[in-house]
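A short write-up of the structure that comes next.
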Amino acid sequence: MILADSVRIHTTPDRVLAFFEGMADNYLRWHHDHLSFRWVAGRDIAKGVTFHFEERIAGKLLRKTVRLTRVLPGRLIEFAPTNRLFRLILPSTAFAIEVDGDEVIVRQTLRLRIGPLGAWLNRCEFAAAARHMREEGLNMRRLLVGDPAIAG
């Protein structure tokens, strides 16, 4: 199962990368359900860097420590949970960046390993996660277009 959302932003790939590199400052203002963010190992967007974040989705507190598993500068940021058991269910989350004229399209995807019964039993949580992703995309656009402090 894949949850996905995309947003068009009148910006550059460098500014999107700068947004992620500044996540310690951007996380709380990115979404009202974001609670905390900290770098664990490393502080930039590079393969192997680890960070921890907490957010509330569907009223549930989610705590995740993840490691960047694939980075293509200006094109892709992918990460996976450090917890092996959790990674069996959620193998990866990615933000793909595609240039389209003077805009970029930022596509967020969550890959889930869950069968039809699990998808049905957790449909409310997945609907809330999809809403959260949509709001993140819209808020990212608002922040990138309206905040000159995000360099790039």
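We count residues from 1, following the sequence as given. Computation of the quantities below employed the complete heavy-atom set of this structure, encompassing side-chain atoms and omitting hydrogens, waters and symmetry-equivalent molecules.
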Salt bridge (charged side-chain N to carboxylate O under 4.0 Å, His left out), that's the test. Do Asp33 and Arg56 meet it? Break it down for me.
CA-CA 5 Å; Asp33 286 332; Arg56 193 171 304 282; 5.9 Å; no
How long is the span from the CG atom in Leu62 to the NZ atom in Lys60, to the nearest 0.5 Å?
8.5 Å
Looking at CD1 of Ile97 and OG1 of Thr11, how far apart are the two atoms once the value is rounded to the nearest 0.5 Å?
10.0 Å
In the single-linkage hydrophobic clustering (I, L, V, M, F, W, Y; side-chain heavy atoms under 4.5 Å), do Met23 and Val40 co-cluster?
no
What is the minimum heavy-atom distance between Ile105 and Ser6, and which atoms define it?
CG2-CB, 4.0 Å
Spacing of CD belonging to Glu103 relative to NE2 belonging to His10, to within rounding of 0.5 Å:
7.0 Å
Using atom types as modelled and distance alone, determine if a side-chain donor or acceptor of Arg107 lies under 3.5 Å from a backbone N or O of Ala4.
no
Here the gap from Leu17 atom CG to Phe95 atom CZ, rounded to the nearest 0.5 Å, amounts to 13.0 Å
If you apply the rule side chain to side chain contact (heavy atoms under 4.5 Å, CB included), what do you find for Glu78 with Val71, and how did you get there?
CA-CA 6 Å; Glu78 182 180 77; Val71 176; over 6 Å; no
For the pair His132 and His34, name the ring-plane relationship: parallel under 30°, tilted 30 to 60°, perpendicular over 60°.
tilted
Sub-4.5 Å side-chain heavy-atom contact between Thr93 and Thr109:
no
Side chain to side chain contact (heavy atoms under 4.5 Å, CB included) between Leu121 and Leu117, worked out:
CA-CA 6 Å; Leu121 290 172; Leu117 180 59; 3.9 Å; yes
Donor-acceptor pair, distance only, cut-off 3.5 Å: does the side chain of Tyr27 make one with the backbone of Glu54?
yes
Only residue of Leu144, Val16, Val7 satisfying side-chain contact (heavy atoms from CB on, under 4.5 Å) with Val104 is Val16
Anything under 30° is parallel, anything over 60° is perpendicular, the rest tilted; go ahead and classify Phe79 against Phe53.
perpendicular
Just by distance, do the side chain of Asn83 and the backbone of Phe86 share a donor-acceptor pair under 3.5 Å?
yes
Looking only at atom types and distance, does a side-chain atom of Arg87 sit under 3.5 Å from a main-chain N or O of Pro81, one as donor and one as acceptor?
yes
In one Ile/Leu/Val/Met/Phe/Trp/Tyr side-chain cluster, 4.5 Å: Met140, Phe51
yes
If you compare all heavy atoms of Leu35 against all heavy atoms of Leu28, which two are closest, and at what distance to 0.1 Å?
O-CD2, 3.2 Å
With no hydrogens and no angle check, is any side-chain donor or acceptor of Thr82 less than 3.5 Å from a backbone partner on Thr65?
yes
Any chance CZ of Arg75 has more than 12 other-residue heavy atoms, nucleotides or ligands included, within less than 6.0 Å?
no
Measuring from atom CG of Leu3 to atom CZ of Arg131, what distance do you get when rounded to the nearest 0.5 angstrom?
12.0 Å
Minimum heavy-atom distance Arg111-Leu90, with the two atoms named
O-CD1, 3.3 Å
Less than 4.5 Å apart, side chain to side chain, heavy atoms only: is that true for Ile2 and Leu110?
no
Do you know the tightest heavy-atom contact between Leu76 and Ala94?
CD1-CB, 4.1 Å
Around atom NE2 of His52, are there more than 12 heavy atoms of other residues, nucleotides or ligands at under 6.0 Å?
yes
Looking just at side-chain N and O atoms, do Glu135 and His31 make a donor-acceptor pair shorter than 3.5 Å?
yes
Atom CZ of Arg123 with >12 non-hydrogen neighbours under 6.0 angstrom:
yes
Nearest heavy-atom neighbours spanning Pro91 and Ile89
CD-O, 3.3 Å
Measure from the side-chain N and O atoms of Trp30 to the backbone N and O of Glu136, and report whether any donor-acceptor pair falls under 3.5 Å.
yes
What one should report as the nearest heavy-atom pair of Leu68 and Ile77 is CD2-CG2, 3.6 Å
Applying side chain to side chain contact (heavy atoms under 4.5 Å, CB included) to Val49 and Asp44, what does each step give before you reach the verdict?
CA-CA 7 Å; Val49 169; Asp44 54 355; 3.5 Å; yes
Can a salt bridge be assigned to the pair Arg63 and Glu55 using a cut-off of 4.0 Å between side-chain N and carboxylate O?
no
With rounding to the nearest 0.5 Å, note down the distance linking CZ in Phe37 to CG in Asn26.
9.5 Å
